[in-house]
Amino acid sequence: MKEDLASVNRAFSMQSDQYDEYDASNGILTWMRKRVRGHVLAQLKPGDRILELNAGTGLDALFFVQQGYTVYATDLSDGMVKQIQQKITEKNLSPKLSVKQCSYTQLQTLQSEKFDYVFSNFGGLNCIPDLRAVTQQLPALLNPGARITFVIMPPVCFWEIGKVFKGKWKEAFRRFKKKGSMAHLEGEYFPTFYFSPADVLRAFGNDYKKISLEGLATFSPPPHADRFPMKHPRMYRLLTKLDEQLASIPPFRSWADHFILTVQYSPVQNK
Ligand SMILES: C[S@@+](CC[C@H](N)C(=O)[O-])C[C@H]1O[C@@H](n2cnc3c(N)ncnc32)[C@H](O)[C@@H]1O
């Protein structure tokens, strides 16, 4: 299967108006976003210039601008880009936050820019079959020593495999389909692809070294189980505590709803 950028654009554009409201109302997403932001803040240096890929409505971009960083947010979707532009205008964020509509497979359109950090959150990169389409463009955009954090959905997620007990075989094993499986969002269908941390590191190649890897929601449920924290608050707290304790330990750092992987650009000729 090949990526389908037109369907992805339509699906996420339809979601874009309600995206922030849903995000704020979903306790699982709130916990996951806090973990991702904590991870990134621990890697950033003062004054870093961040390139955000698949930035959605700009929730994280806004957060990092509020922490004093400069963010260049990019996304494919008309609706998502409109939401970011609205935030820039309403909160008067230019030039600390800027936005450009572009696919992360077409980053050559940014080539006059240089960045210290590249960030992609919540599985935006799971919409293409081969991550080299992104990683091979990065060297032209990176300052020496730049770091990159990708938050990606891996093939093994206990909560999805558990759907087998509800007889939902197709859903339980959809992440294992090497050639991709169809996602259904807002009436649109588009292929999604799942990558292990090893797949992602292979796509980066020898010019990048691994800095940090942690699982995100290994034991605690994924965002679509949004009623779980309200129905079982103590259990949810316990599971997130377990996640926080074991996030960096194999195999839990790779078997989760998402994983957070940070690498550093260290070109081989400079080593
Ligand atoms: C699940 S949302 C995540 C958005 C945001 N990172 C967040 O944390 O809320 C996935 C995003 O990926 C974007 N996306 C998907 N394929 C893309 C591509 N080829 N280039 C750029 N953005 C893309 C979608 O438009 C959507 O905004």
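All values below were derived from every heavy atom in this structure, side-chain atoms included, with hydrogens, water molecules and symmetry-related copies excluded.
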Run the salt bridge (charged side-chain N to carboxylate O under 4.0 Å, His left out) test on Lys231 and Asp226 for me, step by step, so that the C-alpha distance in whole Å, both residues' side-chain angles and the decisive distance to 0.1 Å come before the verdict. CA-CA 10 Å; Lys231 277 167 89 179; Asp226 49 3; over 6 Å; no
Using the rule given for salt bridge (charged side-chain N to carboxylate O under 4.0 Å, His left out), can you reason through Lys45 versus Asp116, listing the C-alpha separation, both sets of side-chain angles and the distance that settles it, and then say yes or no? CA-CA 9 Å; Lys45 298 182 303 315; Asp116 311 293; 5.2 Å; no
Derivation and outcome, ring pair (Phe, Tyr, Trp, His ring centres under 6.0 Å), residues His232 and Tyr236: CA-CA 6 Å; His232 312 285; Tyr236 184 63; over 10 Å; no
Could you go through the salt bridge (charged side-chain N to carboxylate O under 4.0 Å, His left out) check for Asp20 and Lys87 one step at a time? CA-CA 11 Å; Asp20 288 1; Lys87 286 187 177 71; 2.6 Å; yes
Does Trp255 form a ring pair (Phe, Tyr, Trp, His ring centres under 6.0 Å) with Phe219? I'd like the steps, not just the answer. CA-CA 9 Å; Trp255 295 356; Phe219 301 101; over 10 Å; no
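Between atom OG1 of residue Thr192 and atom CD of residue Glu3 there is a gap of 12.5 Å, rounded to the nearest 0.5 Å. Atom OG1 of Thr57 sits about 8.5 Å away from atom CG of Asp60, to the nearest 0.5 Å.
Phe252 and Phe158 have perpendicular rings, their planes meeting at more than 60° on a 0 to 90° scale where under 30° would count as parallel.
Taking the side chain as every heavy atom from C-beta outward, Leu213 and Ile260 never approach each other to under 4.5 Å. With a 4.5 Å cut-off on side-chain heavy atoms, Arg10 and Glu186 do not count as touching. Val99 is not listed as a side-chain neighbour of Thr74, based on a closest heavy-atom distance of 4.5 Å or more. Side chains of Tyr117 and Val40 form a contact here, defined as non-hydrogen atoms less than 4.5 Å apart. Using a 4.5 Å heavy-atom cutoff, the side chains of Thr149 and Asn121 are not in contact.
Residues Asp78 and Gln101 have side chains that bring a donor and an acceptor to within less than 3.5 angstrom of each other. Donor-acceptor pairing under 3.5 Å is lacking for the side chains of Tyr19 and Asp23. Side-chain atoms of Ser220 and Asp243 form a donor-acceptor pair, as typed in the model, at a separation below 3.5 Å.
Between Phe150 and Tyr104, a ring centre-to-centre spacing not shorter than 6.0 Å is recorded. Taking the six-membered ring wherever Trp is involved, the centroid distance between the rings of Phe64 and Phe119 falls below 6.0 Å.
Ion pairing of Glu171 with Lys163 is present here, as a side-chain N (NZ or NE/NH1/NH2) and a carboxylate O approach within less than 4.0 Å. Ion pair Arg35/Glu214 flagged as a salt bridge, since at least one NZ, NE, NH1 or NH2 atom sits closer than 4.0 Å to an Asp/Glu carboxylate oxygen.
In the displayed structure, Tyr22 atom OH is contacted under 6.0 Å by more than 12 heavy atoms of other residues, nucleotides or ligands. Around the NZ atom of Lys114, the shell of radius 6.0 Å holds more than 12 heavy atoms that belong to other residues, nucleotides or ligands. Within a 6.0 Å sphere centred on CD of Gln245, heavy atoms belonging to other residues, nucleotides or ligands number 12 at most. Heavy-atom contacts from other residues, nucleotides or ligands closer than 6.0 Å to CE of Met182 number more than 12. The local environment of CD in Glu21 is sparse, with at most 12 non-hydrogen atoms from other residues, nucleotides or ligands closer than 6.0 Å. Atom NZ of Lys2 sits in a sparse spot, with 12 or fewer heavy atoms from other residues, nucleotides or ligands closer than 6.0 Å.
Of the possible polar contacts, one joining the Gln264 side chain to the Gly145 backbone as a donor-acceptor pair under 3.5 Å is found.
The minimum heavy-atom distance between Pro222 and Ile28, with the atom names listed, is O-CD1, 3.4 Å. The heavy-atom pair separating Tyr208 from Thr135 by the smallest distance is OH-O, 3.8 Å.
Contacts of Asp4 classified as salt bridge (Lys or Arg N to Asp or Glu O under 4.0 Å), with partners at least two apart in sequence or in another chain: none.
Counting Ile, Leu, Val, Met, Phe, Trp and Tyr side chains that sit under 4.5 Å apart, directly or through other members, Met153 shares a hydrophobic cluster with Tyr194.
If you chain together hydrophobic residues whose side chains sit under 4.5 Å apart, Ile50 and Val81 fall into the same group.
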